[in-house]
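Working notes for the structure below.
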Amino acid sequence: MPPASIARSTAFRLAALYVMLFLASFLVANIFAYNMVAAYLYERLDSHVTERFREIEAAYDARGIDGAVAMIGNHGPAIRGQETVYALTSDNGARLAGNVEAPSVPRGFSTLPPPSEPAMPSSYRLLRRNLGDFDLIVGVSYDDTDRLREIALVSFGWATAIVLASGLGGGALLAFRTRRRIAALSARAKAVGAGELATRLPISRRRDDLDMLAAEINVALAQLESSVNAMRQVTTDIAHDLKTPISRLYLLLEQARDAATGGADVASILDHALDEVALITDTFEALLRISQIEAGARKGKISRIDLCSLMDELHEIYTPIIEDSGRSLRLPKTDRSQGLDVTGDFELLRQMCANILDNAIRHTDKGAVVTMGCGIAGGRCVIAIADDGPGIPEAERAKVFKRFYRLEKSRTTDGSGLGLSLVKAVADFHGAQIVLDDNHPGLVVRILFTSGQ
């Protein structure tokens with residue numbers, strides 16, 4: 001990967017930003033630390049000068065000027081080079097002891113810069129006070145203090161350089177690894193864009209931010225793959241299921257044309273053609289209605305619905321229809337004090353129940369009994385519609401909600417195979433669960449609404 005690419009990496013830039021912020025804080029802390037070290041060294045130097053002065057002062061107090069001269073003389077061999085300087089002078093300025101001429105310095109503490117002569121090559125911290133009737137100057141070189149300051153300064157400099165190098169190096173390494181992972185993610189994304197919808201983004205064991213993002217994208221890709229596959233299946237099913245009625249319509253129109261050419265009555269042929277057109281129209285209307293429900297296009301029609309009132313209305317509407325088909329419809333009494341209210345779309349719930357009732361009529365024999373009702377089960381409101389017909393095999397129950405799916409024994413009956421697909425769409429719209437069970441004999445369809453609806 002080119003260096004310029006690494007430098008443009010977000011990870012490297014963030015690492016560099018944090019390194020610079022840390023480095024700025026580190027430098028400020030070093031400045032404070034250096035100043036504290038320097039202040040301590042200067043304080044220690046003053047203490048050293050004061051200690052030397054007091055030693056000579058103690059000797060003067062004990063043995064007079066001879067004791068002071070002897071003390072200065074004894075210190076001479078012990079010092080390294082010009083580390084310590086002394087100058088003891090009389091009141092007339094004559095030097096009595098010491099290793100330097102008395103410089104012209106103020107009384108108290110002062111600093112003597114390095115003179116031009118090589119005898120005193122460095123700066124000195126001086127203390128000038130009276131020693132009885134005499135004048136005493138004691139000075140200590142800044143050499144050790146300056147060396148310690150230099151060591152501290154060099155140490156802080158190396159520490160700063162190490163922090164900068166390790167921070168930027170670590171940032172570059174992090175950027176390289178991140179870019180490599182992003183390159184892998186990009187390659188998978190390109191594969192998805194090329195149509196390989198089964199491709200998923202790689203997820204490492206680190207479970208970091210990129211892994212969490214990849215996991216969410218994988219979920220979205222799975223949903224996309226499912227939607228595209230469903231769309232492909234729907235397209236195939238539409239082409240397959242509408243091929244027959246369209247072919248019949250084509251043949252009927254050809255017959256009508258031939259009949260009209262021969263002067264025959266074409267009214268019955270056109271009636272059959274209109275029936276085929278109605279079947280095709282109903283199929284497309286059902287598909288459109290399912291799509292609208294799945295898209296949530298009826299959010300504005302939500303209200304509080306009494307399931308008992310819904311059952312009463314459906315029982316009143318379907319009783320004559322079911323009886324005319326040679327079957328019967330029952331609505332057992334329900335305890336209306338249970339609070340069987342849900343939030344939803346009344347028209348959609350009525351359409352859902354109507355589709356289930358239509359299926360019960362279509363797939364049962366004459367004399368069958370259809371039972372409908374509502375109640376509470378496990379703290380959830382439930383709508384149940386049952387019949388004593390042939391039922392649905394357990395292995396087929398998960399498939400009957402697919403669009404255009406029809407059981408083998410139902411292929412000779414009227415219908416488009418979209419009835420239960422619409423039921424599933426309405427149930428999903430209301431956050432409800434559909435359960436198909438054996439009624440021994442027959443089928444019972446339960447719609448369980450979410451608690452608190």
Side-chain angles (χ1 to χ4, degrees), residues 289-290 293-294 296-323 327-364 368-402 419-453:
R289 192 170 182 82
I290 292 172
I293 294 170
E294 291 177 342
R298 298 176 62 90
K299 291 291 185 183
K301 297 187 178 182
I302 300 299
S303 62
R304 201 66 182 167
I305 301 169
D306 180 9
L307 295 182
C308 293
S309 300
L310 175 63
M311 293 295 102
D312 291 340
E313 180 177 326
L314 287 168
H315 183 262
E316 182 179 352
I317 294 173
Y318 269 83
T319 295
I321 297 174
I322 290 181
E323 289 180 351
R327 299 160 179 83
S328 60
L329 178 62
R330 296 178 182 176
L331 177 62
K333 291 184 178 181
T334 304
D335 183 4
R336 296 176 180 263
S337 64
Q338 299 181 85
L340 295 170
D341 292 345
V342 297
T343 300
D345 187 313
F346 184 84
E347 293 182 10
L348 289 182
L349 291 179
R350 181 171 57 188
Q351 179 68 55
M352 176 184 71
C353 295
N355 279 26
I356 298 174
L357 291 171
D358 287 338
N359 274 353
I361 297 173
R362 186 176 296 114
H363 301 296
T364 58
V369 176
V370 180
T371 305
M372 58 184 295
C374 58
I376 298 291
R380 303 171 68 180
C381 294
V382 180
I383 293 176
I385 299 177
D387 61 60
D388 55 1
I392 298 177
E394 185 174 354
E396 301 284 341
R397 291 174 188 170
K399 302 177 183 179
V400 294
F401 297 109
K402 296 180 180 180
L420 288 180
S421 298
L422 180 61
V423 170
K424 181 69 164 57
V426 174
D428 291 343
F429 177 83
H430 289 85
Q433 177 186 2
I434 304 178
V435 177
L436 303 181
D437 285 327
D438 197 336
N439 197 36
H440 304 290
L443 177 72
V444 56
V445 182
R446 294 187 178 88
I447 312 296
L448 290 81
F449 292 89
T450 304
S451 177
Q453 278 239 327

Fill in the blank from the handout: Applying side-chain contact (heavy atoms from CB on, under 4.5 Å) to N359 and not counting sequence neighbours gives R362, H363, L420
Practice task
Check the pair L357 / L329 against side chain to side chain contact (heavy atoms under 4.5 Å, CB included), numbers first and verdict last.
Solution key: CA-CA 9 Å; L357 291 171; L329 178 62; 4.2 Å; yes
Fill in the blank from the handout: Tightest non-hydrogen contact, residues C374 and M311, listed as SG-CG, 4.0 Å
Handout entry: Shortest non-hydrogen separation from T343 to H430 and the atoms involved
Key = O-CD2, 3.9 Å
Fill in the blank from the handout: Residue set satisfying salt bridge (charged side-chain N to carboxylate O under 4.0 Å, His left out) with D358, at least two apart, ordered chain then number -> none
Handout entry: Any side-chain heavy-atom pair of L349 and I447 under 4.5 Å
Key = no
Completion exercise
On a heavy-atom basis, the closest approach of V444 and N439 is N-CB, 4.1 Å
Exercise for the section: With V423 as reference, evaluate V445, D428, N355 under the side chain to side chain contact (heavy atoms under 4.5 Å, CB included) test and give the passing residue. Expected result: N355
Problem - Distance-minimising heavy-atom pair for L340 and C308 - result: CD1-SG, 3.5 Å
Practice task
Enter the distance from I361:CD1 to I356:CD1 here, rounded to the nearest 0.5 Å.
Solution key: 12.5 Å
Handout entry: For S328, side-chain contact (heavy atoms from CB on, under 4.5 Å) partners two or more places apart
Key = V369
Fill in the blank from the handout: R446 meets the salt bridge (charged side-chain N to carboxylate O under 4.0 Å, His left out) criterion, sequence neighbours left out, with D437
Practice task
Would you name the heavy atoms of H315 and L331 that are closest together and state the gap between them?
Solution key: CD2-CB, 3.5 Å
Exercise for the section: Sequence neighbours left out, what passes side-chain contact (heavy atoms from CB on, under 4.5 Å) with D438? Give chain and number order. Expected result: R397, H440
Handout entry: Q351 side chain near L422 side chain, heavy-atom distance below 4.5 Å
Key = yes
Practice task
Run through I322, T371, T319 and flag the one making a side chain to side chain contact (heavy atoms under 4.5 Å, CB included) with R330.
Solution key: T371
Completion exercise
Correct closest heavy-atom pair for I385 and V370 would be CG2-CG1, 4.2 Å
Exercise for the section: Mind checking side-chain contact (heavy atoms from CB on, under 4.5 Å) for R350 and listing every partner two or more places apart, or none if nothing turns up? Expected result: L310, E313, L314, F346, E347
Exercise for the section: State the CG-CZ distance between L448 and R380, to the nearest 0.5 angstrom. Expected result: 5.0 Å
Problem - Approximate separation, where rounding is to 0.5 Å, of D345 CG and S303 OG - result: 7.0 Å
Exercise for the section: Please round to the nearest 0.5 Å and tell me the distance separating atom CZ of R327 and atom CD1 of I321. Expected result: 12.5 Å
